[in-house]
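This structure is a prediction, so every number in the text was calculated from the model and none was measured.
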Amino acid sequence: MRVLAAMSGGVDSAVAAARAVDAGHDVVGVHLALSQTPAALRGGSRGCCSKEDAGDARRAADVLGIPFYVWDFAAQFTESVVEDFVAAYAAGQTPNPCLRCNEKIKFAALADKALALGFDAVCTGHYARLQGGVLRRAVDPDKDQSYVLGVLTARQLAHALFPIGDTPKPQVRVEAAARGLRVADKPDSHDICFIPSGDTRAFLGERIGARPGPVVDAESGQELARHDGVHGFTIGQRKGLGIDRPAADGRPRYVLGIEPATGTVTVGPATALDVREIDGARPVWCGGAAPDGPIRCVAQVRAHGGLAPATAWQDTDESLRVRLDEPLRGVAPGQAVVLYRPDVAGDVVLGSATITAAR
């Protein structure tokens, strides 16, 4: 099988490519150039798209003895991920750029190009498992990335390989060292790769501009503070609200709602964050067709955490409804709700949708 190995420059994608070679596949390594100004990006543990990362990926390919190329996807990445990220925050949402990158770049633009060139699959260093076309959680729960892969269709999964999903991260590093890969001890990437400073609020402010509005108490309606834009807030946020006095009962306040049209940010007690129902748009079913009726599942609303037993059903071709058995907090529009099979293992991904509303 001809396999295109997406090599980010980190240890995970390097070992994934190595395992693809070991499996007897005809492997070609490719590094995605996603930034129009890669020299400005942070290296080391602070990013995954810098020139340093491209060099690390090339050296890993040399060790593995496979051809290596750099493919420019900067324009697609800017439009589908960066601009989407900015627009979502301007609309009072909380997007997940890694999820969108998987959906629009790695398993769409990249995979389409790979298939057109005669490759059979795209191999990545994601921590997830594929068994018979079924997407499952990784063995290492701390590194599991099935949540950000829950947007993939059955066709996309049919042309994907996740070779390291059955291995805990420490063992992946040991294996990398044994293979002579210099990235064995390279720190994991953190933050958002296309924000060099790590200051998300400043990044958004430069692109959206100041749009002042009030921070309002949900119970009294009193204006408690002013802010420069709703892009600085997300549902469930506690810090950075700009409020100079505590609530009457002394308890912390949290962001309960964001209204971009008026610029109003509503705050209140933690108990008001409880959510029992979720509406989602653009549902994707990883196994193919949508279920005929309501299904039992476990719903997850954040990459690591936010799980509850639930019943889900597809209202229309473009909408999903999820009713939770127990409340979840911090459910924000723009995030994904990913559904898992409710069996003992609870590790099979059924599908996902982008959250549009929560009650």
Side-chain angles (χ1 to χ4, degrees), residues 82-97 99-100 191-192 194-281 299 301-306 308 319 321-324 326-337 353-359:
V82 180
E83 292 178 1
D84 174 85
F85 179 83
V86 174
Y89 264 102
Q93 300 174 357
T94 306
N96 185 315
L99 185 150
R100 199 65 64 224
D191 302 323
I192 299 171
F194 55 83
I195 302 182
S197 67
D199 189 339
T200 300
R201 180 176 288 193
F203 174 87
L204 291 167
E206 291 173 359
R207 287 152 181 80
I208 298 173
R211 297 194 300 178
V215 177
V216 176
D217 181 75
E219 297 176 342
S220 67
Q222 179 184 6
E223 180 175 316
L224 303 174
R226 301 288 295 178
H227 65 79
D228 292 330
V230 296
H231 58 266
F233 302 90
T234 186
I235 301 296
Q237 179 177 331
R238 175 183 173 183
K239 298 181 179 180
L241 305 183
I243 302 173
D244 60 5
R245 57 191 181 279
D249 59 8
R251 295 181 180 178
R253 294 185 178 96
Y254 299 81
V255 174
L256 306 180
I258 300 171
E259 177 48 62
T262 63
T264 302
V265 176
T266 304
V267 298
T271 53
L273 288 169
D274 288 349
V275 164
R276 289 274 186 180
E277 287 194 355
I278 296 171
D279 293 338
V301 296
R302 290 186 294 279
H304 296 284
S319 64
R321 181 73 58 84
V322 181
R323 182 170 294 141
L324 305 171
E326 54 194 53
L328 290 175
R329 292 181 177 179
V331 181
Q335 294 174 326
V337 54
T354 300
I355 298 172
T356 56
R359 292 176 293 280

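A distance of 14.0 Å separates CD1 of Ile235 from OH of Tyr254, quoted to the nearest 0.5 Å. Atom CD1 of Ile278 is separated from atom CZ of Arg321 by 11.0 Å, given to the nearest 0.5 angstrom. Atom-to-atom distance recorded for Arg211:CZ and Thr262:OG1 is 10.5 Å, nearest 0.5 angstrom. For the atom pair CD of Gln237 and CG of Leu256, the computed distance is 11.5 Å after rounding to the nearest 0.5 Å. To the nearest 0.5 Å, the span separating CD1 on Ile258 from OG1 on Thr264 amounts to 11.0 Å. Put simply, CD1 on Ile355 and OG1 on Thr94 are 9.5 Å apart, with the number rounded to the nearest 0.5 Å.
Contact detail for Thr356 and Gly280: the closest heavy-atom pair is OG1-N, 4.0 Å. Heavy atoms only, all atoms of each residue included: Gly306 and Leu328 are closest at O-CD1, 3.7 Å. When every heavy atom of Pro260 is checked against every heavy atom of Ala90, the shortest pair comes out as CB-O, 3.5 Å. Residues Phe233 and Tyr89 come closest through the heavy atom pair O-CE2, 4.2 Å. Nearest heavy atom pair, residue Val275 against residue Leu324, reads O-CD1, 3.4 Å. Closest of all the heavy-atom pairs between Arg302 and Gln335 is CG-NE2, 4.0 Å.
With hydrogens and angles disregarded, a donor-acceptor distance shorter than 3.5 Å links the side chain of His227 to the backbone of Gly263. Checked by atom type and distance alone, the side chain of Arg100 never pairs as donor or acceptor with a backbone atom of Asn96 at under 3.5 Å.
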Next item on the list: Before giving the answer on side chain to side chain contact (heavy atoms under 4.5 Å, CB included), spell out for Ile192 and Phe203 the whole-Å C-alpha distance, their side-chain angles and the decisive distance to 0.1 Å.
Entry: CA-CA 11 Å; Ile192 299 171; Phe203 174 87; over 6 Å; no
Checklist line | Trace of the side chain to side chain contact (heavy atoms under 4.5 Å, CB included) decision for Asp279 with Arg359 | finding: CA-CA 9 Å; Asp279 293 338; Arg359 292 176 293 280; 2.8 Å; yes
Margin query: Go through it in stages, so that I can follow the logic: the residues are Arg329 and Thr271, the test is side chain to side chain contact (heavy atoms under 4.5 Å, CB included), and I'd like the CA-CA distance, side-chain angles, deciding distance and then a yes or no.
Written below: CA-CA 8 Å; Arg329 292 181 177 179; Thr271 53; 3.9 Å; yes
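Partner Leu224 forms a side-chain contact (heavy atoms from CB on, under 4.5 Å) with one of Ile243, Val265, Asp244 and no other, that one being Ile243.
Salt bridge annotation for Arg201-Asp228: absent, with no cationic side-chain nitrogen under 4.0 angstrom from a carboxylate oxygen.
Contact of the Arg251 side chain with the Pro269 side chain is not registered, since no non-hydrogen atoms from C-beta on lie closer than 4.5 Å.
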